[in-house]
Amino acid sequence: MALGVKAVAFSYVTHVLGIAGAVLVLVWCIHFRGGLAWEASNKSLIFNIHPVLMLIGLIIIGGEAIISYKTLSLRKEVKKLIHLVLHAVALILGIIGIYTAFKYHNESNIANLYSLHSWLGIGIIVLYGIQWIYGFLIFFYPGGTTTIRSDSLPWHVVFGLFVYLLAIGNAALGYLEKLTFLENSGLAKYGSEAFLVNFTAVVTVLFGTFVVLTVLSQGPAEDDYSYSAI
């Protein structure tokens with residue numbers, strides 16, 4: 001089923017929302033939270049790397065990887081390579097982002113993996129990695145047989161969207177968790193920072209929504225085993 005709208009139309013909104021989300025999370029972590037640091041006496045600067053990499057990496061770059069098949073009028077092999085590389089970048093940044101959360105907790109003597117957000121986060125990054133490895137082996141190198149690729153493609157698309165939507169939901173959960181901690185520590189509930197965090201969460205959800213709408217819309221002319229509509 002494909003929506004009666006060209007994918008490129010939805011993709012313009014997706015790009016704008018992605019840029020907006022990246023700017024908002026950087027403003028939050030740099031302007032309001034004091035900046036980013038791999039090593040610092042103020043351990044919160046280490047944590048700040050986490051939301052930046054998770055949003056810009058796993059969510060935004062990952063979303064751009066998903067819609068690349070539906071918006072680029074290029075040869076199948078070129079689109080496949082772009083899709084593969086962008087997902088690899090998203091996965092690597094996501095892994096680093098999760099590592100920084102553990103690093104912050106360990107250096108601050110905070111327990112790890114006690115929240116639903118952290119449980120889902122580990123599950124999502126593992127599923128994302130499995131999806132990437134399977135896609136690489138079946139669709140890129142060494143490549144499956146024609147039958148295997150044909151049969152795998154619909155499931156690859158659906159499972160990829162499922163993992164991505166889990167990531168969007170978990171990102172929203174993460175904003176809520178962090179903002180709750182900050183407010184319990186004295187941050188004004190109706191202050192500018194609280195408003196910014198909530199607005200960033202809304203932009204994140206809208207970005208994910210338009211990624212899905214782009215996937216469900218009409219892409220360029222299809223060739224064999226291209227990213228066909230669901």
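Here, residue 1 is the first one in the sequence, and each next residue gets the next number. Being a predicted model, the structure only gives us computed values, none of them experimental.
Under the side-chain contact (heavy atoms from CB on, under 4.5 Å) rule, Glu193 has a single partner from Val27, Leu182, Asn198, which is Leu182. Here the rule is side-chain contact (heavy atoms from CB on, under 4.5 Å) with Leu55, and of Ile61, Leu93, Ile60 only Ile60 fits it.
By the 4.5 Å heavy-atom criterion applied to side chains, Thr100 and Phe47 are not counted as neighbours. You'll find the side chain of Arg75 stays beyond 4.5 Å of the side chain of Lys79, heavy atoms only. At least one side-chain heavy atom of Leu91 sits under 4.5 Å from a side-chain heavy atom of Ile125. For the pair Val212/Val215, no side-chain contact is recorded, criterion being any heavy-atom separation below 4.5 Å from C-beta on. Taking 4.5 Å as the limit, every side-chain heavy atom of Tyr141 sits out of range of all side-chain heavy atoms of Leu137. A 4.5 Å side-chain heavy-atom check between Val197 and Lys178 finds every atom pair outside the cut-off. A heavy-atom distance below 4.5 Å is found between the side chains of Ile98 and Met54. Proximity of Leu116 to Glu177: side-chain heavy atoms (C-beta onward) are nowhere separated by under 4.5 Å.
Taking the ring axis of Phe10 as reference, the NZ or CZ atom of Lys70 does not stay both within 45° of it and closer than 6.0 Å to the ring centre.
With 3.5 Å as the limit, one finds no donor-acceptor pair spanning the side chains of Tyr99 and His50. Looking at Thr147 and Ser150, their side chains never bring a donor and an acceptor atom within 3.5 Å of each other. When only modelled atom types and interatomic distance are considered, Glu64 and His15 share a side-chain donor-acceptor pair under 3.5 Å.
Between the side chain of Arg149 and the main chain of Gly144, a donor-acceptor pair closer than 3.5 Å is present. Checked by atom type and distance alone, the side chain of Trp28 never pairs as donor or acceptor with a backbone atom of Arg33 at under 3.5 Å. Between the side chain of His83 and the main chain of Ala65, a donor-acceptor pair closer than 3.5 Å is present. Judged purely by atom type and a 3.5 angstrom limit, Ser115 uses its side chain to pair as donor or acceptor with the backbone of Ser118. Listed for the Tyr164 side chain is a donor-acceptor partner under 3.5 Å among the backbone atoms of Ile59.
In terms of heavy-atom proximity, Leu58 sits nearest to Ala167 at CD2-CB, 4.3 Å. Looking at every heavy atom in both residues, Phe32 comes nearest to Ser192 through CE2-OG, 3.5 Å. For the residue pair Thr214 and Ser11, the shortest heavy atom distance occurs at OG1-N, 3.7 Å. Closest of all the heavy-atom pairs between Tyr128 and Ala90 is OH-CB, 3.5 Å. Across all their heavy atoms, Ala194 and Leu179 have their closest contact at CA-CD1, 3.8 Å. Closest of all the heavy-atom pairs between Gly97 and Leu53 is N-CD1, 3.8 Å.
Other residues, nucleotides and ligands contribute over 12 non-hydrogen atoms within 6.0 Å of the CH2 atom of Trp38. Within a 6.0 Å sphere centred on NZ of Lys103, other residues, nucleotides and ligands contribute more than 12 heavy atoms.
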Leu74 vs Ile82, test: side chain to side chain contact (heavy atoms under 4.5 Å, CB included). Steps then yes/no.
CA-CA 10 Å; Leu74 300 171; Ile82 292 172; 3.8 Å; yes
Can you list the steps and then say if Ile133 with Ile130 is a side chain to side chain contact (heavy atoms under 4.5 Å, CB included)?
CA-CA 5 Å; Ile133 292 170; Ile130 291 173; 5.9 Å; no
Kindly determine whether Asn48 and Tyr104 satisfy side chain to side chain contact (heavy atoms under 4.5 Å, CB included), including the steps that lead there.
CA-CA 9 Å; Asn48 291 346; Tyr104 164 71; over 6 Å; no
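Both Leu187 and Ile30 belong to a single network of hydrophobic side chains, linked directly or stepwise wherever heavy atoms of I, L, V, M, F, W or Y lie under 4.5 Å apart. Taken together through direct or relayed side-chain contacts under 4.5 Å among Ile, Leu, Val, Met, Phe, Trp and Tyr, Leu86 and Ile168 form part of one hydrophobic cluster. Connection of Leu216 to Val157 is established within a shared hydrophobic cluster, with ILVMFWY side chains joined at heavy-atom distances below 4.5 Å, either directly or through further cluster members. Under the 4.5 Å side-chain heavy-atom criterion for Ile, Leu, Val, Met, Phe, Trp and Tyr, Leu45 and Phe181 are members of distinct hydrophobic clusters. In the hydrophobic clustering of ILVMFWY residues, with side-chain heavy atoms under 4.5 Å counting as a link, Leu153 and Val78 come out together.
Relative orientation of the Phe195 and Phe199 rings is parallel, given thresholds of 30° and 60° on the angle between their planes. Aromatic ring orientation, Tyr134 versus Phe139: perpendicular (interplanar angle above 60°, classes split at 30° and 60°). Ring geometry, Phe136 versus Phe140: the interplanar angle falls from 30° to 60°, so the pair is classed tilted.
In this structure, CG in Leu113 is found 5.5 Å from CD1 in Ile122, a value given to the nearest 0.5 Å. Atoms NE2 and CG, from His156 and Leu161 in turn, are 10.0 Å apart once rounded to the nearest 0.5 Å. One distance of note links CD1 of Ile92 with NE2 of His87; it measures 13.0 Å at 0.5 Å rounding. With rounding to the nearest 0.5 Å, the separation of CD in Gln131 from CH2 in Trp155 is 12.5 Å. One distance of note links OH of Tyr12 with OG1 of Thr71; it measures 9.5 Å at 0.5 Å rounding. For the atom pair Ile19 CD1 and Thr14 OG1, the distance stands at 11.0 Å (nearest 0.5 Å).
Remark: Asn106 engages Phe102, Asn112 in a side-chain contact (heavy atoms from CB on, under 4.5 Å) (not counting sequence neighbours).
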Could you list the donor-acceptor pairs under 3.5 angstrom formed between side-chain atoms of residues 201-210 and any protein atom two or more places apart in sequence or on another chain?
from, atom 1, to, atom 2, distance (Å)
Thr204, OG1, Tyr175, OH, 3.1
Thr204, OG1, Thr200, O, 2.8
Thr209, OG1, Val205, O, 2.8

